[in-house]
Amino acid sequence: MIGTGSMGGMMSLLFAEYGIHTHYYDPSKKNIEALQSHAKESKHEDKITYHDDHKSLCEALEDGDKPKVFMFSIPHGGPADDSIDALEPYLKPGDIIMDASNEHWKATERRQARLEPKGIHYIGMGVSGGYQSARHGPSISPGGSKEALDKVLPFLQKIASKDKKGRPCVAKLGPGGCGHYVKMIHNGIEHGMMTALCEAWAIMNIGLGMDYEEIGTVFEKWNGDKERPLRDNFLIDIGADICRTKDEKGNYVLANVRDKVVQDVDNSEGTGTWSVQEGTRLHVPDPTIAVSHLFRVASADAARRLTVSKALNGKGVKPARIEGVDKDNFLEDLYNAVYASFLMCFIQGLHVLSKANEKNDWKLDFADVLQLWRNGCIIQSDGVADLLETVYRSKEHDNNDLLGHQTIAGELAKTYPSLKRVVLKAIEFDLHAGALGTSLEYYKYSGSTELPTQFQEAELDYFGAHMFDLKTAEPGKPVTGKHHFEWKPARGILETND
Ligand SMILES: NC(=O)C1=CN([C@@H]2O[C@H](COP(=O)(O)OP(=O)(O)OC[C@H]3O[C@@H](n4cnc5c(N)ncnc54)[C@H](OP(=O)(O)O)[C@@H]3O)[C@@H](O)[C@H]2O)C=CC1
Ligand SMILES: O=C(CO)[C@H](O)[C@H](O)COP(=O)(O)O
């Protein structure tokens with residue numbers, strides 16, 4: 001194991017529990033001590049061995065013709081290149097590196113191109129679920145050469161989380177960087193879901209005046225109701241815990257948490273940023289994910305927000321108590337709004353993945369992708385996954401247009417009135433509803449046959465001769481239109497003076 005922080009440390013303990021001896025390297029004294037102490041507590045000291053350099057680590061792994069197997073769990077970017085540089089003198093054909101960090105898929109493919117000609121396998125392998133799952137069994141998204149994936153699959157199936165039917169949350173996804181791509185999409189969906197959920201939390205807390213305990217009870221009910229679509233949802237489940245947890249002085253821990261999400265801005269995580277970039281690069285609308293990401297980015301600089309607030313003499317917009325609703329009915333609407341928004345986060349992320357899949361010819365099996373997200377990961381949401389699995393298994397589905405599938409269209413049509421009522425009230429009472437509101441717009445425009453972009457297209461043609469299609473023709477493909485209207489001929493300076 002290279003890197004034994006929150007994730008690598010816990011996975012090393014997990015491996016030890018399965019009887020696998022882990023040799024590790026990490027530069028952090030604090031993390032080395034933490035792992036040794038955990039190993040001692042859990043009586044796995046004999047299965048977890050520290051090495052202070054890569055040479056000693058590799059020598060310990062050398063066993064005749066058998067391949068050496070490495071796992072990285074380090075920050076994205078330079079550390080993996082540095083680690084490969086340090087390991088390379090001791091690597092031989094057949095050795096395997098599984099990069100279990102969150103990493104940009106292109107960096108993974110660059111490393112594969114560097115190592116594979118030398119016979120060294122490099123698997124880009126996102127793991128999810130945070131350190132609790134790392135200790136208990138994470139969800140795993142491996143991508144790389146077939147030969148490499150075949151070799152590691154039995155090991156990964158052993159250590160992965162298992163779904164309710166006992167099936168491992170891992171699959172051989174495909175070649176190249178597709179494993180890290182799938183994990184990146186998981187995290188993009190995660191951004192969207194977490195923002196929609198924190199909006200719902202504030203709508204209950206500020207908008208409905210509910211205390212933390214009461215909100216915890218609502219989340220518990222949402223997660224626990226096995227007949228409804230938000231059943232077995234990891235973020236809602238931990239949300240109930242978060243609402244109720246008190247510190248040693250009896251104060252709610254949540255009450256003291258400042259409203260700053262910084263890990264995108266300090267670059268310790270890249271997956272959210274990359275998800276938004278990928279949606280834009282591939283021209284796939286993923287607006288709930290993008291807006292959620294930008295909301296987090298805006299939240300990070302609390303000092304700047306304070307400056308703006310001061311400039312308004314503290315009289316800026318402030319979320320207020322919602323009036324004129326029946327609480328139980330509104331909570332039912334909120335349930336539906338969160339469900340609709342979660343479903344749209346999945347759809348948006350899966351659409352980006354589908355486009356990347358086509359462009360890179362990865363031949364992903366989308367039912368496999370859903371299987372990885374069945375347990376041990378942050379976006380686990382069994383009701384949503386059940387619905388999407390039905391869609392993917394149906395003959396008539398289009399991976400690029402899940403919204404056009406009858407089943408999904410039906411679900412979103414059912415929940416739209418609730419989503420609209422929640423967003424309307426949120427706007428009326430100055431509550432935050434960026435993710436919920438964007439999901440509403442996404443639904444509205446994705447199925448509309450009369451968008452105001454008609455006017456935009458005319459303006460583009462007016463000033464740029466960008467051409468347009470005629471309404472009388474079939475909608476056609478998204479390619480340059482065939483018509484230009486000479487709205488206003490270009491004239492020279494002398495002509496204009498005349
Ligand atoms: N935390 C989470 O919930 C999840 C994290 N991930 C991903 O897993 C990876 C690890 O995350 P996490 O465990 O949280 O991070 P941590 O910061 O807790 O641990 C990373 C460890 O890697 C060490 N490290 C840094 N550079 C090198 C290097 N060149 N060689 C060896 N070790 C190095 C760090 O040392 P030092 O502190 O001295 O820099 C640290 O001990 C990241 O890519 C993260 O995105 C994936 C899923 C969930
Ligand atoms: O990868 C993860 C979970 O799967 C990590 O917990 C990651 O830090 C989550 O971050 P983000 O919300 O920025 O994607």
Side-chain angles (χ1 to χ4, degrees), residues 1-14 23-36 50-54 57 70-87 97-104 107-108 124-141 161 169 179-180 182-198 234-235 238 260-276 289 292-297 299-300 345 349 372-373 375-380:
M1 181 72 70
I2 307 276
T4 50
S6 302
M7 297 298 288
M10 291 298 131
M11 283 193 283
S12 303
L13 293 165
L14 175 70
H23 295 264
Y24 74 96
Y25 167 77
D26 191 295
S28 159
K29 194 164 176 280
K30 184 172 125 263
N31 286 339
I32 296 165
E33 283 170 5
L35 179 54
Q36 286 312 138
Y50 167 67
H51 295 266
D52 62 3
D53 65 14
H54 297 79
L57 180 76
F70 301 87
M71 189 175 280
F72 290 176
S73 184
I74 49 186
H76 65 87
D81 294 313
D82 296 345
S83 301
I84 294 170
D85 289 345
L87 290 173
I97 297 173
M98 291 176 272
D99 183 358
S101 319
N102 281 329
E103 184 54 284
H104 195 285
T108 304
M125 190 182 85
V127 299
S128 178
Y131 64 94
Q132 290 100 347
S133 281
R135 180 68 184 85
H136 196 80
S139 148
I140 307 176
S141 330
S161 55
C169 296
H180 273 144
V182 167
K183 178 65 203 311
M184 174 197 77
I185 292 295
H186 165 285
N187 284 23
I189 296 170
E190 177 185 314
H191 279 216
M193 292 172 73
M194 290 180 85
T195 302
L197 196 61
C198 79
F234 175 80
L235 287 168
I238 64 165
K260 292 165 63 181
V261 177
V262 297
Q263 61 186 42
D264 312 301
V265 173
D266 73 7
N267 211 26
S268 51
E269 272 298 341
T271 43
T273 310
W274 305 330
S275 295
V276 179
I289 293 172
S292 299
H293 174 72
L294 296 174
F295 185 57
R296 286 167 52 140
V297 169
S299 84
C345 291
L372 314 177
W373 298 342
N375 197 13
C377 77
I378 308 299
I379 64 171
Q380 185 200 334

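Remember, it's 1-based here, ligands and their atoms both numbered in the order they're listed.
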statement: The atoms of ligand 1 lying under 4.0 Å from a heavy atom of Val127, numbered in the order shown, are 46 (C), 47 (C)
task: Taking only heavy atoms of Glu269 into account, list the atoms of ligand 1 that are under 4.0 Å away from them.
output: 44 (C), 45 (O)
- prompt: Any luck finding a side-chain donor-acceptor pair between Ser161 and Asn375 under 3.5 Å?
  reply: no
message: Closer than 4.0 Å to some heavy atom of Thr271 - which atoms of ligand 2 meet that?
response: 14 (O)
task: Could you say whether the N/O atoms of Asp26 and ligand 1 ever approach to under 3.5 Å?
output: yes
query: What protein heavy atom sits nearest atom 12 (O) of ligand 2, and how far off is it?
result: Glu190 OE2, 2.8 Å
Heavy-atom protein neighbour under 4.0 angstrom from atom 6 (O) of ligand 2: no
- prompt: Which ligand 1 atoms does Pro75 reach within 4.0 Å, using its non-hydrogen atoms?
  reply: 22 (O), 25 (C)
message: Using a plain distance cutoff, I'd like to know if Asp82 has any nitrogen or oxygen under 3.5 Å from a nitrogen or oxygen of ligand 1.
response: no
query: If you count the atoms of ligand 2 from 1 in the order shown, which ones are under 4.0 Å from a heavy atom of His191?
result: 11 (P), 12 (O), 13 (O), 14 (O)
query: Counting each atom of ligand 1 from 1 as listed, which ones have a heavy atom of Ser28 under 4.0 Å away?
result: 35 (O), 36 (P), 37 (O), 38 (O), 41 (O)
- prompt: Got an N/O contact under 3.5 Å between Met7 and ligand 1?
  reply: yes
- request: Quick one: look up the protein heavy atom nearest atom 14 (O) of ligand 2 and list residue, atom name and how far away it is.
  value: Asn187 ND2, 3.1 Å
field: Ile378: numbered ligand 2 atoms lying under 4.0 Å from its heavy atoms
entry: 3 (C), 4 (O)
task: Determine whether any heavy atom of Glu103 lies closer than 4.0 Å to an atom of ligand 1.
output: no
Arg296 and ligand 2 - part of the residue with a heavy-atom distance under 4.0 Å: side chain
- line: Under 4.0 Å from one or more heavy atoms of His186, ligand 2 contributes atoms 4 (O)
- line: With heavy atoms and a 4.0 Å threshold, my read on which part of Asn31 contacts ligand 1 is side chain
message: If the cut-off is 4.0 Å to any non-hydrogen atom of Lys183, which atoms of ligand 1 fall inside it?
response: 46 (C), 47 (C)
field: Side chain, backbone, both or neither: the part of Gln263 lying under 4.0 Å from ligand 1 by heavy atom
entry: neither
query: Just which atoms of ligand 2 are under 4.0 Å from any heavy atom in Gln263?
result: 7 (C), 8 (O), 9 (C), 10 (O), 11 (P), 12 (O), 13 (O)
field: Heavy atom of protein inside 4.0 Å of atom 30 (N) of ligand 1, strictly below
entry: yes
task: Not counting sequence neighbours, which residues clear side chain to side chain donor-acceptor pair (under 3.5 Å) with Arg135? List them please.
output: Glu17
query: Can you list the atoms of ligand 1 that are under 4.0 Å from a heavy atom of Gly3?
result: 22 (O), 32 (N)
field: Any N/O pair Ser268/ligand 1 closer than 3.5 Å
entry: no
- prompt: Looking only at non-hydrogen atoms, which of Gly5, Ser101, Gly270, Pro27 approaches atom 33 (C) of ligand 1 most closely?
  reply: Pro27
task: Heavy-atom distances under 4.0 Å are what count here, so tell me which part of Lys30 touches ligand 1: side chain, backbone, both or neither.
output: neither
- request: Give the residue, atom name and distance (to 0.1 Å) of the protein heavy atom nearest atom 4 (O) of ligand 2.
  value: Ser128 OG, 2.9 Å
query: Under the 4.0 Å line, does any protein heavy atom show up next to atom 14 (O) of ligand 1?
result: yes
query: Less than 6.0 Å separating the ring centroids of Trp274 and His180?
result: no
task: Report the distance from atom NE2 of His191 to atom CD of Glu269, rounding to the nearest 0.5 Å.
output: 7.5 Å
message: Distance under 4.0 Å to a non-hydrogen atom of Asn102: what atoms of ligand 2 satisfy this?
response: 1 (O), 2 (C)
message: Can you report which non-hydrogen protein atom sits closest to atom 1 (O) of ligand 2, along with the distance?
response: Lys183 NZ, 2.7 Å
task: Could you tell me which atoms of ligand 1, counted from 1 in the order shown, lie closer than 4.0 angstrom to a heavy atom of Ile2?
output: 30 (N), 31 (C)
- prompt: Does any N or O atom in His76 lie less than 3.5 angstrom from one in ligand 1, N or O only?
  reply: no
task: Report, in ascending order of atom number, the atoms of ligand 1 lying under 4.0 Å from any heavy atom of Ser83.
output: 29 (N), 30 (N)
query: N/O to N/O below 3.5 Å, does that happen between Ile74 and ligand 1?
result: yes
